[in-house]
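One structure below.
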2 protein chains.
Amino acid sequence: MPDEDGVVPKVGIRDVARAAGVSVTTVSHVLNETPHTRTSEATRDRVRSVARDLGYTPNRLARGLRTRASDMIGLLTEEIATTPHAGRIILGAQEEASRHNLTLAIINSHLDAGADARRADARALIERQVDGIIYATVFHHEVSVPRELRAVPAVLIGALDRQGVVPAVLPDEASGAADLVALLVDAGHRRIAFADSSIEVPATQGRLVGYLRGLEQAGIPRDDRLITAGVSEAGGGYTTSLELLDRVDRPTAIFCYNDRMAMGAYRAAQELGLRIPDDVSIVGFDDQAPIAASVHPALTTVALPHYEMGAWAVATLTRLIQSSSTSWYRSTHPTLLPCPVVIRESVAQNNQ
Amino acid sequence: MPDEDGVVPKVGIRDVARAAGVSVTTVSHVLNETPHTRTSEATRDRVRSVARDLGYTPNRLARGLRTRASDMIGLLTEEIATTPHAGRIILGAQEEASRHNLTLAIINSHLDAGADARRADARALIERQVDGIIYATVFHHEVSVPRELRAVPAVLIGALDRQGVVPAVLPDEASGAADLVALLVDAGHRRIAFADSSIEVPATQGRLVGYLRGLEQAGIPRDDRLITAGVSEAGGGYTTSLELLDRVDRPTAIFCYNDRMAMGAYRAAQELGLRIPDDVSIVGFDDQAPIAASVHPALTTVALPHYEMGAWAVATLTRLIQSSSTSWYRSTHPTLLPCPVVIRESVAQNNQ
DNA sequence: CTGAAAGCGCTTACAG
DNA sequence: CTGAAAGCGCTTACAG
């Protein structure tokens, strides 16, 4: 309880021990429920109630120093907090951490900060004695993992380790894209365009691959005239869709690389007097929170498993930490997490 | 360097001391650049180079235990990581923390988790010995701050302390709204509608107040027929704008409560064959990342100072921590941070 | 069933 | 200018 200054005198384990008339050893055993330690029920009750009455709060710093486990996970993000939806990676990691009684310490590195800054950030986390580090990037390019990450168990989100030794998790963009195509095919579409992004990120590969796989699985021959590319913003989707929809044999559906491009496609369709989805179906990718649900008609798209990747990373890390094996890493195969199709209103049956 | 097992033997301050042929005291002084401590230049150089060669990484846990300062700030968010843009609060806090050589530990509480869960979360942070806590909420309702927050310096983001004792920072929504109205007035508009949100959050108050203040400053009489309310989603903006724009004396500009409602207003205008901004100007609020820039024409709106609030919180907290005064809190006035108008293309000169 | 004591890796008066 | 030693608040063999 606060004294008249409002200062709360910190009560430590020895205060509890003294007040309960036992040793600190016993207090520690009781409060931590140390296995293989038999303490009389009476003593345990007394210790617990004294601890509560005194408002004892264990000092996890001291505990960590002694046990050599800080129970903290470091999350190193690369420009990710700026990205929409990235908050869900943090959220997934945080909630999984809470489930394991771990705390998440985060540091954000700027993309353009360079390798040195990133290494310094990793070091800062290691100085905190984090038990493991999650390194999350925006695009899943291959990264050379800062070598400080070798000092501690680590996992990657959205990136591949060039040395192929650090476990990684990625969205299964190809399957998501293929599923989306299947949805279109099921609705009777066969002339499905792919409005790709012209910028070179690995995600492009995945989505294009999935698009092609989807066609193949439906027995629809690839038609390169239906594959276009533009800036991965609304503007790019507009330009590219305008051209696509102005053809005599225009596609009955457009699969846009992302939701922003889909917004542009909406506008193109509108200007051409085509109704969505009756005259043309449009789908996107990303399930970007405010866009996909706010456009009219609401956009059918594919969601990225941000939350799940964050949770996966912490779960995997705790396993690595517990195994405490010298060789943390077995599999070099990245884990692919499903990208679920989110059905809204921008796809209609095709009757042509 | 790793031995053959890949295990990196932890090097501590005593290893450095031994290798440099000095005491740990000296190593500590040199590495921390302790003031009022004169160590020969030669010794300092030797210590530093030995530390570097050995790859010495100070253990901040041990340091914290000794100095009673963990150099960690706890960020307690309330459902915030789910909110678009909330990442920027975390980012602002994180970057400001880095500047002070502090690390951010985050925990997210669910809105519906209740006061007990929130208190447990605060306690978890305090067990980590955080030097201060930031409590960030989505809507700035008044909150009763968990009493564990009294044990440590704390600041509020986006909320007011019911007891009026914890420093708080809020977006100056009223001024932002007034500025937006001023922009419209400068463009010659006088019949400016306000498509308010029908849900009751304090932000509504601020924006409405700002709208009215803006009119007043321009000498435009308040016209309640121009103030409507709808669901604060695209659908609400659509319905409400449709009605507004269908009047004979329709407004020349619509100020939407948020960007999502503005998207609905866009659709209403389109359906009525009104061009934006030539026939009607539309503005929003929030500057929601993917929406405002992706709609056509790009939306003029007001940005929320998320990043700045995060940075403010950490900066203020460090000041409170350093002052180490028993009575941390002086001012009960919340700090209001400006909401800058972001001019894009949805406002045109009115010539009626 | 319970406790005395060492030690985790640092910092910091204090002494020389 | 430099160092020996105490101590931050815990946990954990070990002994009884």
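A note on names: the letters A, B, ... follow the listed sequences, proteins ahead of strands, and every chain is numbered from 1.
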Minimum heavy-atom separation for B:Y56 and B:G12, please, with both atom names.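 B:Y56 and B:G12 have their closest heavy atoms at CE1-C, 3.6 Å.
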
I'd like to compare against my own output: the B/S/- annotation of nucleotides 1-6 of chain D with a strict under-4.0 Å heavy-atom distance to protein. BBBBBB

Take the protein atom [atom1] of [X] and the nucleotide atom [atom2] of [N], then report the distance between them rounded to whole Å.
X      : N      : atom1 : atom2 : result
B:E127 : D:dC10 : CD    : C1'   : 13 Å
B:Q129 : D:dG9  : CD    : P     : 9 Å
B:L65  : C:dT11 : CG    : P     : 11 Å
A:I13  : D:dG7  : CD1   : C1'   : 16 Å
A:E33  : D:dT11 : CD    : C1'   : 16 Å
B:R68  : C:dG9  : CZ    : C1'   : 16 Å
B:D15  : C:dC10 : CG    : C1'   : 13 Å
A:L31  : D:dT11 : CG    : P     : 8 Å

Which residue pairs pass the side chain to side chain donor-acceptor pair (under 3.5 Å) test when at least one of the two sits in residues 16-32 of chain B, sequence neighbours left out?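 Non-adjacent pairs meeting side chain to side chain donor-acceptor pair (under 3.5 Å): B:S23-B:T26, B:S28-B:N32, B:H29-B:T34.
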
Quick one: list whatever passes side-chain contact (heavy atoms from CB on, under 4.5 Å) with [X], sequence neighbours left out.
X      : answer
A:S40  : A:A42, A:T43
B:L65  : A:N59, A:A62, A:L65
B:E148 : B:R119, B:A122, B:R123, B:I126, B:P146
B:D121 : B:L76, B:I107, B:S109

Can you give me the dot-bracket string for DNA chain C, 5' to 3', counting Watson-Crick and G-U wobble pairs with both distances under 3.5 Å, using [ ] for crossing pairs and | for partners on another strand? |||.||||||||.|||

Taking only residues at least two apart or on different chains, which pairs with a member in residues 19-33 of chain A satisfy salt bridge (charged side-chain N to carboxylate O under 4.0 Å, His left out)?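 Checked against salt bridge (charged side-chain N to carboxylate O under 4.0 Å, His left out) - neighbours excluded - no pair reaches residues 19-33 of chain A.
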
Atom CZ of B:R99 with >12 non-hydrogen neighbours under 6.0 angstrom: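 Atom CZ in B:R99 is crowded, with more than 12 foreign heavy atoms closer than 6.0 Å.
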
Could you list the residues that satisfy side chain to side chain donor-acceptor pair (under 3.5 Å) with B:R128, not counting sequence neighbours?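 Counting only residues at least two positions away or on another chain, B:R128 forms a side chain to side chain donor-acceptor pair (under 3.5 Å) with A:T103.
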
Non-neighbouring partners of B:E95 that pass side chain to side chain donor-acceptor pair (under 3.5 Å), sequence neighbours left out: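 B:E95 satisfies side chain to side chain donor-acceptor pair (under 3.5 Å) with A:H110, B:Y307 once adjacent residues are dropped.
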
Mind checking salt bridge (charged side-chain N to carboxylate O under 4.0 Å, His left out) for A:R60 and listing every partner two or more places apart, or none if nothing turns up?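 Per chain and number, A:R60 pairs via salt bridge (charged side-chain N to carboxylate O under 4.0 Å, His left out) with A:D71, B:E127.
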
Nearest to the side chain of A:N32 - D:dT11, D:dC8, C:dT11?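 The answer is D:dT11, which lies nearest to the side chain.
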
I need the residues from residues 55-63 of chain B with at least one non-hydrogen atom less than 4.0 Å from DNA chain C; give them sorted by number, or say none.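 Only B:Y56, B:T57, B:P58, B:N59, B:A62, B:R63 qualify.
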
